[in-house]
Amino acid sequence: MGHSAYIRIYAVIRRIPKGRVATYGQVARLAQLPGHARQVGYALSALQETQEHEVPWQRVINAKGEVSARSIPDYENVQQKRLKAEGVIFDAKGRISLARFQWKATTKNHFRRLAM
DNA sequence: ATGGTGACGACGG
DNA sequence: ACCGTCGCCACCA
């Protein structure tokens with residue numbers, strides 16, 4: 001996959017507004033890596049090691065509207081807390097309504113920002 | 001080389 | 001709506 005792909009993935013995630021979420025697949029498509037949802041997760045786990053970033057990783061969730069399970073114990077709760085702090089609401093089953101909270105990126109903004 | 005492993009997702013039953 | 005299966009593909013041992 002390569003460095004530049006990670007850069008594009010992070011660039012997309014940085015555009016997710018506070019209080020909104022995007023799915024892994026959505027981020028992949030916006031980063032021009034359609035079908036590479038799993039690689040988005042990979043890019044995010046690489047991020048944790050470097051802690052020197054402004055990437056709102058908590059805003060990336062899976063297509064079911066839930067925070068994805070992690071190998072790191074209890075990390076899902078950390079992500080949930082950060083999202084709740086932004087006003088994102090979880091239902092009784094721990095799911096987020098994508099209809100309500102999913103970020104709708106415009107194609108126009110997308111390509112303009114990619115160019116810089 | 002190569003087979004196992006995911007912070008995934010579409011699909012079918 | 002819930003689950004199992006499968007396709008996906010970069011990593012890693």
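Only this structure's heavy atoms are used, side chains among them; waters, hydrogens and symmetry mates stay out. Quick caveat: nothing in here was measured; it's all calculated off a predicted structure. Throughout, a chain's letter reflects where its sequence line sits, starting with A, and its residues are numbered from 1.
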**Study point:** OP1 or OP2 of B:dC8 under 4.0 Å from side-chain N/O of A:Thr23
**Key:** no

Check your understanding: Is there a donor-acceptor contact under 3.5 Å from the side chain of A:Arg8 to the main chain of A:Ala31?
Key -> yes

Practice item. When you get a sec, tell me which of C:dC2, B:dA7, C:dC11 is the closest nucleotide to the side chain of A:Arg95? Key: C:dC2

Check your understanding: Taking for each residue the nucleotide of DNA chain B bearing the nearest heavy atom, is the 5' side occupied by A:Tyr42 or by A:Gln26?
Key -> A:Tyr42

Revision key, fill the gap. The nucleotide from C:dG7, B:dG9, B:dA7 with an atom nearest the side chain of A:Arg38 is C:dG7

Check your understanding: To the nearest Å, how far apart are A:Leu98 CG and C:dA1 P?
Key -> 12 Å

Practice item. Tell me what A:Gly25 touches on the nucleic acid: a base, only sugar-phosphate, or nothing, going by heavy atoms under 4.0 Å. Key: sugar-phosphate

Check your understanding: Which part of the nucleic acid does A:Ala43 contact within heavy-atom distance under 4.0 Å: base, sugar-phosphate only, or nothing?
Key -> nothing

Exercise for review: Could you tell me the separation between the CG atom of A:Asn77 and the C1' atom of B:dA7, rounded to a whole number of Å?
Suggested key: 14 Å

Point to revise | Under the 3.5 Å Watson-Crick or G-U criterion, the dot-bracket string of DNA chain B, with | for inter-strand pairs | key: .|||||.||||||

**Study point:** Rounded distance in Å - CD (A:Gln102) to C1' (B:dG9)
**Key:** 13 Å

Review point. For the pair made of CZ in A:Arg70 and P in B:dA7, what is the distance, rounded to whole Å?
Key: 7 Å

Point to revise | Pair A:Tyr75 and A:Trp57, ring centroids less than 6.0 Å apart | key: yes

Check your understanding: Is A:Gln80 reaching over with its side chain to a backbone N or O of A:Asn77, donor-acceptor style, under 3.5 angstrom?
Key -> no

Exercise for review: Please state how far atom CD1 in A:Ile72 lies from atom C1' in B:dG6, giving the value in whole angstrom units.
Suggested key: 13 Å

Point to revise | Presence of A:Lys93 side-chain N/O under 4.0 Å of C:dC2 phosphate oxygens OP1/OP2 | key: yes

Study note, to complete from the structure: A:Lys64 atom NZ is separated from B:dA10 atom P, nearest whole Å, by 11 Å

Exercise for review: Could you check how far CG of A:Asp74 sits from C1' of B:dA7, rounded to whole Å?
Suggested key: 15 Å

Exercise for review: Please tell me which of the listed nucleotides, B:dA7, C:dG7, C:dA10, lies nearest to the side chain of A:His36?
Suggested key: C:dA10

Practice item. Side-chain contact test, heavy atoms from C-beta onward, threshold under 4.5 Å: evaluate it for A:Leu83 versus A:Val21 and give yes or no. Key: yes

Study note, to complete from the structure: Interatomic distance, CD@A:Gln58 vs CD1@A:Ile16, rounded to 0.5 Å, equals 8.5 Å

Exercise for review: Could you tell me the separation between the CG atom of A:Leu33 and the OH atom of A:Tyr6, rounded to the nearest 0.5 Å?
Suggested key: 10.5 Å

Check your understanding: To the nearest 0.5 Å, how far apart are CD1 in A:Ile9 and OH in A:Tyr42?
Key -> 12.5 Å

Check your understanding: Over how many whole Å does the gap from A:Glu76 atom CD to B:dC8 atom C1' extend?
Key -> 15 Å

